[in-house]
Amino acid sequence: MSLGISDQQYIQYSKQMLLADFGEYGQQAVMNASVVIIGLGGLGQLVAQYLSASGMKQLYLFDGDVVEPSNLPRQILFDHHDVGKNKAAVTAAKLQAKNADGRIIAKQVFVSDENHQTVLDNYKVDMIIDCSDNFNTRHLINKLVIKYRCPLVSAAISADHGQYFMLIPEQDCNFVMPHGCYHCLYPADTYIENSCQHTGVLGPAVGVMASMQALAVLNYLSGRYQDYGVLHRFDAKGFSWSKVAMTKDEQCPVCQNKPSNMGEHEA
């Protein structure tokens, strides 16, 4: 087939390619893409399934956590046989068995200040997907996005309240975040109760946010319209969405006035 898509792949991904503004070029872009997913819980294991099934070339999965019985109602890739096993490893094994064309790499670690250079510096990636479940990790991911000049897709949900946004750093010599960054939205000293372990959540509500993340990635890679720089809020109980344009904090210590040589390794 044209553009390096085989006959079998053309059949397998035909429904995606039937979209006029996706087509074979969009499919080829997805098949050439490499993406990092940080956190393989309720959000991450669903995002990984969608992206792997879409034909994505490489997925790097980061999570040091293990499957627990309480995860199973909303982390539906896992089953009772997976309890006690690392989430990233289980996800990689299951998805690799389904998608022989892709390459899925499991990193059985929590991304931290101490190890992020070791675990990320050697990879050339097109996007970082924040599926983490705590405030500190989200701030660290925000710093990584700025360091590597890499687009970010972020989502979170607690109880009935979800949020999603996408940020794309400008790649010019000045390197600016035109819509600000996560720190602009939620400064590091903000108090947020953000863990579903304390507030609870319904599995399908998590799935809504994960689907938004996966859709955003496919739209971005294929060149379809993308509503980035906008914070989308989801009310799972009321079945409603609202959105607001994100703005940068001119005094933000994370994304403002960064030297042009920052992030010499381009993601």
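For the single chain, residues carry numbers from 1 onward in sequence order. Below, all heavy atoms of this structure are taken into account, side chains as well, without hydrogens, waters or symmetry copies.
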* Considering all heavy atoms of both residues, which atom of Y50 and which atom of A214 are nearest to each other, and what is their separation? -> CB-CB, 3.7 Å

* Connected via hydrophobic side-chain network under 4.5 Å: L46 and V217 -> no

* **Pairing residues for S222 by the side chain to side chain contact (heavy atoms under 4.5 Å, CB included) criterion, not counting sequence neighbours** => F22, R224

* Would you check if H116 and K143 make a side-chain contact, meaning some heavy-atom pair closer than 4.5 Å? => no

* To do: Flag the pair L51 / L218 as yes when at least one side-chain heavy-atom distance between them is below 4.5 Å, and no otherwise.
  => yes

* Asked: Distance from S240 atom OG to F234 atom CZ, nearest 0.5 Å?
  -> 7.5 Å

* Hey, any chance I76 and V90 share a hydrophobic cluster, counting ILVMFWY side chains that come within less than 4.5 Å of each other, even indirectly? -> no

* Between N142 (side chain) and Y182 (backbone), is there a donor-acceptor pair under 3.5 Å? -> yes

* Between L152 and R138, does a side-chain contact (heavy atoms from CB on, under 4.5 Å) hold up when you go through it step by step? -> CA-CA 11 Å; L152 167 69; R138 290 178 195 141; over 6 Å; no

* Donor-acceptor pair, side chain of S52 and main chain of A48, under 3.5 angstrom -> no

* Asked: Is there side-chain contact between I141 and I128, with at least one heavy-atom pair below 4.5 Å?
  -> yes

* Report the residues that fulfil side chain to side chain contact (heavy atoms under 4.5 Å, CB included) with V230, sequence neighbours left out, ordered by chain and then residue number. => D227, H232, K243

Could you list the donor-acceptor pairs under 3.5 angstrom formed between side-chain atoms of residues 31-45 and any protein atom two or more places apart in sequence or on another chain?
from	atom 1	to	atom 2	distance (Å)
N32	OD1	Q28	NE2	3.4
N32	ND2	Q28	O	3.3
S34	OG	Q58	NE2	2.8
Q45	OE1	Q49	NE2	3.1
Q45	OE1	L77	N	3.2
Q45	NE2	G42	O	3.0
Q45	NE2	R74	O	3.4

* Should H183 and P253 count as side-chain neighbours, where that means a heavy-atom distance under 4.5 Å? -> yes

* To do: Look only at the side chain of D113 and the backbone of L140, and say whether a donor-acceptor pair between them is shorter than 3.5 Å.
  => no

* Asked: Donor-acceptor pair, N134 side chain versus T137 backbone, under 3.5 Å?
  -> yes

* Same apolar cluster (I L V M F W Y, side chains within < 4.5 Å links), V30/Y228 -> yes

* Within a reach of under 6.0 Å around CZ of F110, are more than 12 heavy atoms found that belong to other residues, nucleotides or ligands? -> yes

* Mark yes or no for whether N71, through its side chain, and E68, through its backbone, hold a donor-acceptor pair below 3.5 Å. => yes

* To do: Would you name the heavy atoms of Y220 and P151 that are closest together and state the gap between them?
  => OH-CG, 3.4 Å

* Asked: Between atom OG1 of T91 and atom CG of L95, what is the distance when rounded to the nearest 0.5 Å?
  -> 6.0 Å

* **Reported OG-to-CD1 distance for the pair S154 and I129, which is rounded to 0.5 angstrom** => 10.5 Å

* Between Q213 and D130, is there a donor-acceptor pair closer than 3.5 Å when you use the side chain of the first and the backbone of the second? -> yes

* Carefully, step by step, assess V254 and H139 under the rule side-chain contact (heavy atoms from CB on, under 4.5 Å). => CA-CA 10 Å; V254 178; H139 272 281; 5.9 Å; no

* Structure fact -> So CD of E24 and OG of S14: to nearest 0.5 Å the spacing works out to 11.0 Å

* Measure the OG-CD distance between S70 and Q75 for me, rounded to the nearest 0.5 Å. => 8.0 Å

* To do: Check whether more than 12 heavy atoms from other residues, nucleotides or ligands sit under 6.0 Å from atom NZ of K107, and answer yes or no.
  => no

* **Single-linkage hydrophobic cluster V208~V206, side-chain heavy atoms < 4.5 angstrom** => yes

* Mind checking whether L19 and M212 sit in one hydrophobic cluster, side chains of I, L, V, M, F, W, Y counted as touching below 4.5 Å? -> yes

* Please step through side-chain contact (heavy atoms from CB on, under 4.5 Å) for the pair M246 and L185, ending with a clear verdict. => CA-CA 8 Å; M246 297 174 65; L185 186 64; 4.1 Å; yes

* Taking all heavy atoms of V47 and all of C131, pick out the closest pair and write down the distance. => CG2-SG, 4.1 Å

* Ignoring hydrogens and angles, tell me if any N or O in the side chain of Q9 forms a donor-acceptor pair with the backbone of S6 under 3.5 Å. => yes

* To do: Quick one: pull up OG in S54 and CG in N99 and give me the separation to the nearest 0.5 Å.
  => 8.0 Å

* Asked: Backbone N or O of M17 within a donor-acceptor pair of the Q27 side chain at under 3.5 Å?
  -> no

* **Worked verdict on V125 versus Y148 for side-chain contact (heavy atoms from CB on, under 4.5 Å)** => CA-CA 9 Å; V125 299; Y148 293 99; over 6 Å; no

* Looking at residues at least two apart in the chain, or sitting in another chain, which of them share a side chain to side chain contact (heavy atoms under 4.5 Å, CB included) with A89? -> N86, Q108

For residues 159-167, tabulate all N or O donor-acceptor pairs below 3.5 Å that involve a side-chain atom, not counting sequence neighbours.
from	atom 1	to	atom 2	distance (Å)
Q163	OE1	Y186	OH	2.7
Y164	OH	Q226	OE1	3.3

* Structure fact -> Taken in chain and number order and not counting sequence neighbours, the residues that satisfy side chain to side chain contact (heavy atoms under 4.5 Å, CB included) with K98 are none

